[in-house]
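The first residue of the sequence shown is numbered 1, and numbering continues consecutively from there. Predicted model, so just to flag it, every value in this text is computed and none were measured.
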Amino acid sequence: MTDDDEKWMRMAIEVARSKGSDPSQSPLGSVIVRDGKVIAAERNQTEELPDATAHAEMMAIRRGCEDSGDLELRGATLYSTLQPCGMCTMATIWSKVGRVVYGAGRDDVHPMYFEAKHIDTLDFISNAYRDDIVIEGGCLRAECAELYYGPDARLPEEEQANL
């Protein structure tokens, strides 16, 4: 990780916090940077739209492609406050993002944020699809984890997102 990675992740944290600080609202932020410039910065918008695919990473990829007028984001780095889900990671594959940097990972937050079968989608994708994508986790891990319910949080089942 570099100082620039921390700078862009801090921006992603601020984008996430623009949704508030309640973990039940999934305050997730994503920033896409190419050539040292932000080309997109978005937060989860699933409830507002309503759209189950409106995750922060998906929205940032959409915005980055729209603004650049290009389907591909080659050479770009996507920063996410939480390890991307399978859908968002696949979107990075198809949009040709070159690097994914995330903050909090699977072990840092409540299990409800991830696939119930404990499949590591990032390993699956890096092993099955592309040799040229770099995936790095743990950038400002503790600060990012504070945005979400902790691993041992006792939550009623009806409040758990992925059940």
**Study point:** Gap between atom CD of E72 and atom SG of C65 - 0.5 Å precision
**Key:** 9.0 Å
Review point. Could E57 and R43 be called an ion pair, given the rule that one side-chain N must be under 4.0 Å from one carboxylate O?
Key: no
Check your understanding: Taking C-beta and beyond as the side chain, do C144 and L82 meet within less than 4.5 Å on heavy atoms?
Key -> no
Review point. Cluster question for you: counting only ILVMFWY and a side-chain heavy-atom cut-off of under 4.5 Å, with indirect links fine, are L147 and M11 together?
Key: no
Review point. Do R99 and D132 sit within salt-bridge range, that is, some charged N less than 4.0 Å from a carboxylate O?
Key: no
Check your understanding: Quick one: do the T2 and D4 side chains pair a donor with an acceptor below 3.5 Å?
Key -> no
Check your understanding: Quick one: are T92 and I133 in side-chain contact, heavy atoms under 4.5 Å?
Key -> yes
Review point. Yes or no on salt bridge (charged side-chain N to carboxylate O under 4.0 Å, His left out) for R10 and E143, after CA distance, side-chain angles and deciding distance?
Key: CA-CA 9 Å; R10 286 189 199 292; E143 290 176 55; 2.9 Å; yes
Practice item. Could you tell me how the ring of Y149 sits relative to the ring of H110: parallel (under 30°), tilted (30 to 60°) or perpendicular (over 60°)? Key: perpendicular
Review point. Counting N and O atoms only, with roles assigned by atom type, does the side chain of D51 sit under 3.5 Å from a partner on the main chain of T53, one being a donor and the other an acceptor?
Key: yes
Check your understanding: Linking Ile, Leu, Val, Met, Phe, Trp and Tyr through side-chain heavy atoms less than 4.5 Å apart, which residues share a cluster with L49?
Key -> M59
Review point. Hey, are the side chains of S30 and L78 touching, using non-hydrogen atoms and a 4.5 Å cut-off?
Key: yes
Review point. Does S68 reach the side chain of L73, with side-chain heavy atoms less than 4.5 Å apart?
Key: yes
Check your understanding: Would R62 and D67 count as a salt bridge (charged side-chain N to carboxylate O under 4.0 Å, His left out) if you check the C-alpha gap in whole Å, the side-chain angles of each, and the deciding distance to 0.1 Å?
Key -> CA-CA 9 Å; R62 288 177 189 149; D67 290 353; over 6 Å; no
